[in-house]
Colleague: 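I'd like to ask you about the structure that follows.
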Number of protein chains: 2
Amino acid sequence: MAVTIKDVSAKCGLSISTVSKAFNNYADISAETRELVHRTAREIGYYPNAIARTLKTNRSYNLGVLFQEERGTGLTHSFFASVLDAFKSEAEKHGYDITFINHNISWTGMTYLEHCRYRNVDGVCVVCANFYAPEVVELVASDIPVVTIDHAFSNRSCVLSENIEGMKALVAHAAALGHRRIAYVHGEHASVTENRITGFYRGLSEHGIEANPEYLVDSVYDSPEAGAKAIKQLMQLPEPPTCILMPDDHTALGALAAAAELGLRVPEDLSIGGYDGSRITQMTHPRITTVVQDSKCMGKQAALYLIDRIENPRTAGSEMGMIPTKLLAGESIGPVPERK
Amino acid sequence: MAVTIKDVSAKCGLSISTVSKAFNNYADISAETRELVHRTAREIGYYPNAIARTLKTNRSYNLGVLFQEERGTGLTHSFFASVLDAFKSEAEKHGYDITFINHNISWTGMTYLEHCRYRNVDGVCVVCANFYAPEVVELVASDIPVVTIDHAFSNRSCVLSENIEGMKALVAHAAALGHRRIAYVHGEHASVTENRITGFYRGLSEHGIEANPEYLVDSVYDSPEAGAKAIKQLMQLPEPPTCILMPDDHTALGALAAAAELGLRVPEDLSIGGYDGSRITQMTHPRITTVVQDSKCMGKQAALYLIDRIENPRTAGSEMGMIPTKLLAGESIGPVPERK
DNA sequence: ATCGTTTTCGGAACCGTTTCCGATCTGCGG
DNA sequence: CCGCAGATCGGAAACGGTTCCGAAAACGAT
């Protein structure tokens with residue numbers, strides 16, 4: 001069925017090796033021959049078989065993407081989906097396809113690394129996972145090129161979002177509007193979270209606000225329910241906060257609903273901040289004040305680092321890309337209400 | 001670096017073919033030998049190389065996923081992301097990985113079909129594309145197993161969402177609340193849209209409501225901006241609708257904001273309906289009344305059809321899965337306001 | 001005409017598997 | 001003790017390419 005290199009070689013009366021070399025731009029092929037080969041290839045619709053090529057060259061032009069499985073969200077998570085989309089586009093622009101690396105149920109029980117070898121991926125982008133899991137560590141310690149997103153390993157390239165600055169800017173924005181009782185409901189522990197907490201505290205101290213431990217609430221990402229719970233908990237404090245910063249936009253959306261349930265107007269009675277800069281923040285009423293993470297840039301940069309590492313194994317070093325964040329002021333953080 | 005079948009054969013003093021057969025459960029291998037092979041394989045960490053296996057067997061255990069490229073949304077679209085996620089999970093459960101099929105810029109200009117052959121995918125799931133594009137038709141007409149989502153080709157398996165019934169149910173819900181001036185802002189033309197329009201008209205006629213051509217607005221999916229524009233246009237009619245159904249939940253969210261801008265309360269002054277049943281509908285205030293599409297089920301079913309077709313080429317026919325939809329009543333469609 | 005050099009091409013091994021087919025060995029009835 | 005069937009295993013070709021290396025041809029210089 002499929003047309004192979006043999007068909008091309010037969011059709012133009014050349015040897016297989018000559019056709020192969022013509023296709024791979026070897027120097028010892030005359031211009032006319034090269035032209036002939038390409039022409040007949042086009043005629044009979046020949047494309048080199050990636051599988052055979054990979055077997056021989058050990059280059060698959062396939063990049064692995066490691067997504068966490070623990071939480072159900074997967075591809076549904078808008079921030080990661082956006083990062084992935086950009087990664088994919090950039091990879092494809094360079095001739096790479098992508099495959100997901102994971103070990104779902106009923107699979108032969110391969111580790112991430114084994115899966116990578118099994119599929120011969122040229123490199124892996126670890127987008128979102130428990131970076132401390134032994135399996136991830138094993139992968140990162142292997143000889144396979146790796147780039148990580150939002151987590152830095154030594155001697156591995158990574159792309160980081162400027163979380164400290166982003167959070168600081170958000171706190172500064174709230175402080176500028178007079179808020180001093182600012183709470184932060186944060187997500188699971190990870191580099192991202194730690195940086196945001198750092199940014200949160202720095203933002204507070206830069207505005208001379210004393211940190212109140214009760215205002216730092218342990219919660220999870222991407223859970224409007226948990227967000228709502230946190231809100232209710234915070235608002236029952238003897239001295240409730242006037243501004244609550246949520247771990248992400250989805251949770252902030254849930255917080256808006258929770259506030260409405262409590263009979264609180266946003267931002268007149270309570271200010272709420274999000275994080276990520278997803279599209280929905282601009283569709284709500286009030287629009288959610290958030291910190292935009294440049295997910296497109298992050299995904300693209302990760303692809304560039306990884307491909308560079310793959311194609312220039314000796315010259316390419318381990319880069320660290322810091323992608324700036326940007327405050328997007330909506331209406332959900334308003335002036336602090338008069339003290340009653 | 002990688003450990004091959006040779007290492008296993010050397011380690012247990014058996015021939016390569018024996019090891020291979022032991023791994024593939026051939027009958028002419030004694031139980032002890034099989035056990036020995038598996039044990040030493042586990043010891044030295046051997047996994048068969050998928051590439052070599054594919055080259056020989058012409059089975060890649062890789063499924064292609066065809067996503068549209070025209071609109072920027074890509075993976076970001078929550079409905080498709082959800083379908084894809086379910087498809088992926090089910091595929092992985094059966095030992096398949098997935099790769100995206102497309103023809104992005106700077107690529108050698110392969111068609112979808114050529115890309116499929118290039119990567120030796122065992123089958124393709126066409127999730128979201130222009131089903132009338134020549135390239136898609138070429139793929140569907142090929143010998144590669146194909147399953148389509150939300151579009152039916154003859155003699156190809158497909159998974160359809162019950163759009164007619166879903167839309168009818170939504171109209172019925174509005175009618176039950178007294179609405180008779182119901183508008184529908186629909187997305188681009190595709191099977192989905194046509195079915196929904198059909199359902200819309202049937203719903204109207206079943207409740208004795210005469211269709212008003214001005215109440216059917218041509219718009220696009222997933223565009224809050226376009227949604228907002230449509231709302232404003234509709235509300236300027238001499239007899240504006242009391243209930244507006246949007247093409248999807250994101251657009252409905254945009255419509256909510258647009259209504260707020262116009263000073264209209266939802267649902268007191270204007271009712272708005274969504275479609276898809278995405279998570280955000282339950283996080284807004286008011287919650288958006290929508291039609292839930294069972295995206296998980298759709299993705300899973302598509303994977304099952306495709307794999308069945310691949311693994312049982314003769315017995316498997318072309319199936320058509322109709323996935324039921326469910327009305328999810330929020331608060332965004334309320335009783336019709338008193339005629340002023 | 002001879003020789004060395006450069007250009008251009010083909011032969012063949014190899015990548016890691018699968019699988020057909022033949023070889024060996026065992027047990028058993030006659 | 002022979003022959004034969006069944007059980008086990010190994011040899012080798014093949015999948016579709018790449019790439020090393022040698023051979024042939026062409027060419028220029030002497």
Colleague: With a 4.0 Å cutoff (strictly under), does any side-chain N or O of A:T33 reach OP1 or OP2 of C:dC9?
Modeller: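 Yes, such a contact exists.
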
Colleague: Take atom CG of B:D28 and atom C1' of D:dA5, then tell me their distance rounded to the nearest Å.
Modeller: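 Those two atoms, CG and C1', are 16 Å apart.
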
Colleague: Report the relative orientation of the aromatic rings in A:F67 and A:F100; use parallel for angles under 30°, tilted for 30 to 60°, perpendicular for over 60°.
Modeller: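 Answer is perpendicular, since the angle exceeds 60°.
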
Colleague: Once rounded to the nearest 0.5 Å, what's the spacing between atom CG of A:N49 and atom OG1 of A:T4?
Modeller: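 Rounded to the nearest 0.5 Å, the CG-OG1 separation comes to 9.0 Å.
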
Colleague: To the nearest angstrom, how far is B:Y61 atom OH from C:dT17 atom P?
Modeller: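 The answer, rounded to whole Å, is 16 Å.
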
Colleague: Please give me the minimum heavy-atom distance between B:H115 and B:N102, naming the atom from each residue.
Modeller: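 Closest heavy-atom pair between B:H115 and B:N102: ND1-O, 2.8 Å.
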
Colleague: Under 3.5 Å, side-chain donor or acceptor atoms of residues 310-324 of chain B against the rest of the protein: list the pairs with distances, not counting sequence neighbours.
Modeller:
residue : atom : partner : partner atom : Å
B:E311  : OE2  : B:Y96   : OH           : 2.8
B:N312  : ND2  : B:D308  : OD1          : 2.6

Colleague: Rounded to whole Å, please give me the gap between OH in A:Y118 and P in C:dT17.
Modeller: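 Result: 11 Å.
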
Colleague: How close do B:D85 and B:K296 get, heavy atom to heavy atom, and via which atoms?
Modeller: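 Shortest heavy-atom contact: OD2-NZ, 3.6 Å.
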
Colleague: So which heavy atom on A:C158 is nearest to which on A:A152, and how close?
Modeller: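 Of all heavy-atom pairs spanning A:C158 and A:A152, the closest is SG-CB, 3.8 Å.
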
Colleague: Take the protein atom CG of A:N25 and the nucleotide atom P of C:dT8, then report the distance between them rounded to whole Å.
Modeller: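 Value for this atom pair: 14 Å.
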
Colleague: Tell me, please, which residues at least two apart from B:E43 pass salt bridge (charged side-chain N to carboxylate O under 4.0 Å, His left out).
Modeller: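 In terms of salt bridge (charged side-chain N to carboxylate O under 4.0 Å, His left out), with neighbours along the sequence ignored, B:E43 is linked to B:K11.
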
Colleague: Go along nucleotides 13-20 of chain D 5' to 3' and tag each nucleotide: B for a protein heavy atom under 4.0 Å from its base, S when only backbone or sugar atoms are that close, - otherwise.
Modeller: -BBBBBBB

Colleague: Of all heavy-atom pairs between B:A302 and B:C125, which one has the smallest distance, and what is that distance?
Modeller: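 In terms of heavy atoms, the two residues are closest at CB-SG, 4.3 Å.
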
Colleague: So what is the end-to-end bend of the helix from C:dA1-D:dT30 to C:dG30-D:dC1, with 5 pairs used at each end and the value given to 10 degrees?
Modeller: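 Angle reported: 60°, given to the nearest ten degrees.
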
Colleague: Salt-bridge test for B:R309 and B:D122: reply yes if a basic N is under 4.0 Å from a carboxylate O, no otherwise.
Modeller: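 Here B:R309 does not pair with B:D122 in a salt bridge, since their nearest N and O are not under 4.0 Å apart.
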
Colleague: Specify the separation, in whole Å, of atom CG of B:N120 and atom P of C:dT18.
Modeller: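 My rounded result for the distance is 15 Å.
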
Colleague: Over how many whole Å does the gap from A:R34 atom CZ to C:dT7 atom C1' extend?
Modeller: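 That distance rounds to 13 Å.
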
Colleague: Among residues 307-315 of chain A, which ones have heavy-atom contacts with DNA chain C below 4.0 Å?
Modeller: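 DNA chain C contact set from residues 307-315 of chain A: none.
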
Colleague: Measure across B:L306 and B:G123 and return the closest heavy-atom pair with its distance rounded to 0.1 Å.
Modeller: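 Closest heavy-atom pair between B:L306 and B:G123: CD2-C, 4.0 Å.
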
Colleague: Could I get the full list of salt bridge (charged side-chain N to carboxylate O under 4.0 Å, His left out) partners for A:E114, not counting sequence neighbours?
Modeller: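 Scan of A:E114 (salt bridge (charged side-chain N to carboxylate O under 4.0 Å, His left out), adjacent residues dropped) gives none.
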
